[in-house]
Visitor: 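Got a structure for you, questions after.
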There are 2 protein chains.
Amino acid sequence: MRADAKKNYDHLLSIAQKALLEQGADVSMRDIARQADVGVGTLYRHFPTREALLDALLRSSFDDLAGKANELNGAAETDKALLVWLEEVIAFTHAHRGILEPMMSAIEDPASALHESCVRLKTAGASLLRRAQADGTARPDLDGAELFDLIAALAWLREQPAHAQRAARLFNVVAGAVLKAP
Amino acid sequence: MRADAKKNYDHLLSIAQKALLEQGADVSMRDIARQADVGVGTLYRHFPTREALLDALLRSSFDDLAGKANELNGAAETDKALLVWLEEVIAFTHAHRGILEPMMSAIEDPASALHESCVRLKTAGASLLRRAQADGTARPDLDGAELFDLIAALAWLREQPAHAQRAARLFNVVAGAVLKAP
DNA sequence: TTGATATACGGAACACCGTTCCGTATATTT
DNA sequence: AAATATACGGAACGGTGTTCCGTATATCAA
């Protein structure tokens, strides 16, 4: 990779990161290029599609979340572990408004650049769920995919501006349906 | 209203109805105009905004759903009544892919053309919920707005193509959290 | 029936979008 | 310094929602 290319790549990543946090995942590619003082062609050279850019932005965070699940798998009570992790995932998606839709399409489309990252997240949640189920603290008739759906639904709700207040209560309602002991 | 205008209005409504069912609520305004063999200006003359068009398309159905809630308020067991109505609302939104997002913005924006219709829906659900709560069949710590959110979240899940299979199970999980006796 | 007028129509135009393409510029290598 | 590989910028394409206005037509009066 040429030196100027590497510089632009890094610069674009950091600008895009900021734009993602400030304007949401539906920020226009042109906007990102503009804010980075770069032609739109340069942006597309480095990130051939919007999903590729999102993947570059989210991959490490997703890995962090998956890692957190592994930590929690060792330490805390099984039900509390699941709860804490759910809250963290939802807080993350809340901080990155608009990433839910690309995530939902990616999770079922192996060709998507985001696919792998999403599957890792789903798998991490599934392992926490299994442990809680083995422990008898989570209802047994749920699988990882369904848990992922429930997380996504809660995350989607929290994305709706006016519903932020109710989000915490609804989280408890749904979590109460997943876990046996409230 | 001039005769030709009335004719175009009715024609546009029926074409838009078909387009809404076949292509979803994000069908382009140009597409609707094209399918109706009408200039895009004509479409906008009759429906000054996309939400106005949606309102014209959905209002009567929403009224039907609200009416259904009133019927159910009279007849069936309170928990079953709520359940049946929830399923009907979700089935309706499922048949009209894409209406959820405009509904969610409309419910909190009194200026929206869709606002009134959405509030009617929310109110209808709230009355069913209250009756079930008074009867002791629904958990008491929920209000109409929260129920509406839960319905929306479930409806959103059912809109995700690959998740249709899990939708029924997840409906039961969430419904089980709202109702006391499964 | 003809003429005036109010109303409605069609579609070009504007500003945006994601994405592609290619002539030009620059970094690297010889 | 020349050759070459690589990267850059931004015009261009086909799409979007929406606005605007010159033209056509329905309606009403004479």
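Treat the numbers as computed from the prediction; the structure is a model and nothing was measured. Computation of the quantities below employed the complete heavy-atom set of this structure, encompassing side-chain atoms and omitting hydrogens, waters and symmetry-equivalent molecules.
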Visitor: Ignoring the backbone of B:Val40, work out which of C:dA12, D:dG17, C:dA8 is nearest its side chain.
Guide: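 Given the options C:dA12, D:dG17, C:dA8, the side chain of B:Val40 is closest to C:dA12.
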
Visitor: D:dA7, C:dC9, C:dC17: which one has an atom nearest the side-chain heavy atoms of B:Asn8?
Guide: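 Of the candidates, C:dC9 comes closest.
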
Visitor: For a side chain to side chain contact (heavy atoms under 4.5 Å, CB included) with A:His96, tell me which candidate from A:Leu57, A:Leu54, A:Leu21 qualifies.
Guide: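 Single pass found, and it is A:Leu21.
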
Visitor: So A:Glu108 and B:His163, do their side chains get closer than 4.5 Å, heavy atoms only?
Guide: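 Yes; the side chains approach each other to less than 4.5 Å.
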
Visitor: In terms of the nearest nucleotide of DNA chain D, which residue is placed more toward the 5' end: B:Thr49 or B:Arg45?
Guide: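 Taking each residue's closest nucleotide, the earlier one in sequence belongs to B:Thr49.
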
Visitor: Taking only the side-chain heavy atoms of B:Met1 (C-beta and beyond), determine which of C:dA8, C:dA27, C:dT20 contains the nearest atom.
Guide: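 Minimum distance to the B:Met1 side chain belongs to C:dA8.
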
Visitor: Any idea how B:Trp156 and A:Trp156 line up, ring-wise: parallel (<30°), tilted (30 to 60°), or perpendicular (>60°)?
Guide: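 Aromatic pair B:Trp156/A:Trp156 classed parallel.
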
Visitor: Determine whether any donor atom in the side chain of B:Arg2 lies under 3.5 Å from an acceptor atom in the base of D:dT25, or the reverse, and answer yes or no.
Guide: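 Per atom types, the contact qualifies.
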
Visitor: Counting side-chain heavy atoms from CB outward, which of D:dT18, C:dT19, C:dC17 is closest to A:Arg50?
Guide: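 Looking only at side-chain atoms, A:Arg50 lies closest to C:dT19.
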
Visitor: Is there a side-chain contact between A:Ser28 and the phosphate of C:dC17, meaning an N or O under 4.0 Å from OP1 or OP2?
Guide: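 It does, given that an N or O in the side chain of A:Ser28 lies less than 4.0 Å from OP1 or OP2 of C:dC17.
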
Visitor: Closest nucleotide of DNA chain D for B:Pro48 versus for A:Asp37: which of these residues is on the 5' side?
Guide: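 It is A:Asp37 whose nearest nucleotide is closer to the 5' end.
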
Visitor: Of all the nucleotides listed (D:dT19, C:dT19, C:dC9), which has the minimum atom distance to the side chain of A:Met29?
Guide: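 Taking heavy atoms from C-beta onward, the closest nucleotide is C:dT19.
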
Visitor: Using the side-chain heavy atoms of B:Ala3, tell me which of these nucleotides is nearest: D:dA26, D:dC8, D:dG10.
Guide: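 Out of D:dA26, D:dC8, D:dG10, the nucleotide with an atom closest to B:Ala3's side chain is D:dA26.
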
Visitor: Which is true for B:Arg30 with a 4.0 Å heavy-atom rule: it touches a base, it touches only sugar-phosphate, or it touches nothing?
Guide: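 Since a base atom lies under 4.0 Å of B:Arg30, the category is base.
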
Visitor: Looking only at side-chain N and O atoms, does B:Thr137 offer a donor or acceptor that is under 3.5 Å from a partner on B:Asp79?
Guide: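 Side-chain D/A pair, B:Asp79 to B:Thr137: absent.
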
